[in-house]
Amino acid sequence: MTKIRTLIGIWLLALLTSLCMADEKLPLGIVAEKPADGTSIKTERGYMVAYEAIIPGTDVKYRMIPVAGGIATIGSPDNEADRQENEGPQFEVEIKPFWIGQYEVTWAEYKSYMAMHDIFKGFETHKLRQLSEQKDALVISAPSNLYDTSFTYLNGEEPELPAVSMSQYAAKQYTKWLSLLNERFYRLPTEAEWEHACRAGTKTAYHFGNDPADLDDYGWHYGNSNETTHHVGQKKPNPWGIYDMYGNACEWVLDGLLQDGYAKFGGKRVSTGEALVKTKELFPRVVRGGYYDLDPEDCRSASRLPSSDDEWRGEDPNIPLSPWWFTSGPALGVGMRLVRPLDEGLTMKDKEEFWKADVQVIVDDVNFRIDEEGRGARGFVDKLLPKAIKELQDKE
């Protein structure tokens with residue numbers, strides 16, 4: 001009898017646990033049971049899976065792919081063909097699990113953020129959602145309306161094309177805007193996270209091997225792109241299901257570029273946070289993956305392209321130069337890709353470190369453009385923003 005009671009007790013405890021789990025609302029991208037199909041990554045919170053989400057207030061969708069953590073080797077070996085000095089020495093990084101955008105951020109997605117300029121101006125006119133100290137943590141800047149669209153849309157503006165020519169600051173503000181709307185933490189990837197996701201567990205120059213002649217199947221580059229961007233997702237994905245990691249558009253990461261490459265890490269094993277190269281210099285910062293106008297060897301997994309704000313804004317007629325937009329050179333092929341860490345247990349102050357302008361000249365330029373010239377706009381973002389936009393539309 002005692003044994004039967006014990007078994008009943010165990011059964012009741014298991015039933016109660018399962019009911020509690022069923023009642024608990026799991027975050028988007030986490031499921032309690034391992035799916036029969038598709039990629040899934042086991043964690044203490046459940047199984048990470050791919051998910052599709054809609055930008056609130058729009059019909060624009062984006063899709064995120066789970067990436068397992070692990071020990072990633074960053075940089076290229078000394079004997080890799082076409083290797084550049086800034087790709088070494090190799091070092092190891094302890095990567096934590098995250099989701100990454102299956103595709104580069106498209107114009108459909110980015111224009112939803114660009115629309116905030118006129119919306120914030122409308123709020124100001126009608127005295128809606130007025131700014132206050134209590135809302136400071138939720139404030140973003142919206143980019144100024146384009147002075148000359150021929151720069152930004154040189155390669156087209158179709159919804160499925162990757163959005164390009166935004167500054168790193170604008171890319172960061174986009175991730176803040178999306179995070180506050182969804183109440184999920186999005187940011188740019190660190191360089192180590194980007195390379196880990198790109199390699200997808202491989203050690204070769206490209207995730208498909210070492211022969212650049214095979215890149216035609218996986219990316220748009222100088223030899224096959226007709227010198228323009230193409231709709232995302234048209235080439236083959238990497239082994240983890242991520243598209244366009246090579247070519248099409250370069251992608252911003254969070255890191256600055258040091259003159260001596262990875263020398264400061266000296267072959268060590270470090271955490272993702274320790275590997276992140278923070279900088280107070282406006283440039284050079286790192287963009288990854290190559291773009292449509294680069295040769296295949298410059299699109300390798302370890303390839304790094306330094307930003308150059310002076311050159312990339314060379315044709316900007318504005319004084320001061322736009323803190324949100326580039327106009328020239330490689331910047332016309334520079335875009336972005338989202339990352340969402342599994343561990344979102346950061347304070348708003350910690351998150352802001354991934355979103356804010358981290359050099360004073362950008363802060364000053366943003367303030368001047370908005371406060372003195374009336375170009376660009378500020379507003380605060382939360383889950384009620386779509387409702388407020390509808391109210392504004394009713395007034396106008």
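The structure presented is a predicted model; accordingly, all values stated were derived computationally and were not measured.
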Any link between [X] and [Y] through a network of hydrophobic side chains (Ile, Leu, Val, Met, Phe, Trp, Tyr) touching at under 4.5 Å?
| X | Y | value |
| --- | --- | --- |
| F185 | V339 | no |
| W99 | V67 | no |
| V287 | V253 | no |
| I41 | L342 | yes |
| V164 | L146 | yes |

Any salt bridge between [X] and [Y], counting N to O under 4.0 Å?
| X | Y | result |
| --- | --- | --- |
| R184 | E344 | no |
| D136 | R378 | no |
| R304 | D255 | no |
| E157 | K111 | yes |
| E193 | K96 | no |
| K268 | E274 | no |
| R83 | D78 | yes |
| R369 | E372 | no |

How far does [atom1] of [X] sit from [atom2] of [Y], to the nearest 0.5 angstrom?
| X | Y | atom1 | atom2 | result |
| --- | --- | --- | --- | --- |
| E94 | H196 | CD | NE2 | 12.0 Å |
| R288 | R337 | CZ | CZ | 13.0 Å |
| S307 | L257 | OG | CG | 8.0 Å |
| C250 | L332 | SG | CG | 11.5 Å |
| T175 | M336 | OG1 | CE | 6.0 Å |
| D309 | S322 | CG | OG | 10.5 Å |

Quick one about [Y] and [X] (side-chain donor to acceptor, distance below 3.5 Å, no hydrogens or angles considered), yes or no?
| X | Y | value |
| --- | --- | --- |
| E281 | T279 | no |
| S150 | D148 | yes |
| E315 | T327 | no |
| H230 | N155 | no |

Which heavy-atom pair separates [X] from [Y] by the least distance, and what is that distance?
| X | Y | value |
| --- | --- | --- |
| F380 | R129 | O-NH2, 2.8 Å |
| Y62 | N182 | OH-ND2, 3.4 Å |
| A275 | V93 | CB-CG2, 3.8 Å |
| R63 | A50 | NH2-CB, 3.6 Å |

How about CD on Q259, more than 12 heavy atoms from neighbouring residues, nucleotides or ligands closer than 6.0 Å, or not?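 At most 12 heavy atoms, drawn from other residues, nucleotides or ligands, come within 6.0 Å of this atom.
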Should we say atom CD of E311 is surrounded by more than 12 heavy atoms from elsewhere, each under 6.0 Å from it? no
If we ignore hydrogens and angles and just use 3.5 Å, is the side chain of [X] paired with the main-chain N or O of [Y] as donor and acceptor?
| X | Y | result |
| --- | --- | --- |
| H126 | L128 | no |
| N224 | H221 | yes |
| E85 | G261 | no |
| S112 | A108 | yes |
| N248 | V232 | no |
| Q173 | S141 | yes |
| N238 | C198 | yes |
| W220 | Q234 | no |
| D382 | K135 | no |
| D244 | G233 | yes |

Side-chain heavy-atom pair [X], [Y] within 4.5 angstrom cut-off:
| X | Y | answer |
| --- | --- | --- |
| D310 | F283 | yes |
| I30 | M48 | yes |
| K172 | D358 | yes |
| L138 | V381 | no |
| P159 | T106 | no |
| L321 | D365 | no |
| V334 | Y291 | no |
| E297 | L215 | no |

How are the rings of W324 and Y169 set relative to one another: parallel (under 30°), tilted (30 to 60°) or perpendicular (over 60°)? tilted
Fit a plane to each ring of Y110 and Y113, take the angle between them on a 0 to 90° scale, and name the class: parallel (under 30°), tilted (30 to 60°) or perpendicular (over 60°). perpendicular
Any chance you could lay out the side chain to side chain contact (heavy atoms under 4.5 Å, CB included) test for M166 and Y174, step after step, and finish with the verdict? CA-CA 10 Å; M166 79 286 290; Y174 174 85; over 6 Å; no
Evaluate the criterion side chain to side chain contact (heavy atoms under 4.5 Å, CB included) for residue pair E251 and L188; output intermediate values, then yes/no. CA-CA 9 Å; E251 299 169 16; L188 295 179; over 6 Å; no
Derivation and outcome, side chain to side chain contact (heavy atoms under 4.5 Å, CB included), residues I65 and T39: CA-CA 8 Å; I65 299 294; T39 301; 5.9 Å; no
For Y103, ring pair (Phe, Tyr, Trp, His ring centres under 6.0 Å) partners two or more places apart: Y243
Ring pair (Phe, Tyr, Trp, His ring centres under 6.0 Å) involving W194 - partner list, sequence neighbours excluded: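 W194 satisfies ring pair (Phe, Tyr, Trp, His ring centres under 6.0 Å) with no other residue.
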Show me the donor-acceptor pairs, under 3.5 Å and distance only, between side chains in residues 118-125 and residues at least two apart or in other chains.
unit_1 : atom_1 : unit_2 : atom_2 : d
D118   : OD1    : N145   : ND2    : 3.1
K121   : NZ     : G374   : O      : 2.8
T125   : OG1    : K121   : O      : 3.1

Applying the ring pair (Phe, Tyr, Trp, His ring centres under 6.0 Å) criterion to Y246, which one of Y292, Y218, Y222, Y206 satisfies it?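 When ring pair (Phe, Tyr, Trp, His ring centres under 6.0 Å) is applied between Y246 and each of Y292, Y218, Y222, Y206, only Y206 qualifies.
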Stepwise, does the side chain to side chain contact (heavy atoms under 4.5 Å, CB included) test hold for S179 with W355? CA-CA 10 Å; S179 297; W355 295 332; 3.5 Å; yes
Taking it one step at a time, do K278 and E353 satisfy salt bridge (charged side-chain N to carboxylate O under 4.0 Å, His left out)? CA-CA 10 Å; K278 298 180 181 180; E353 292 299 309; 5.5 Å; no
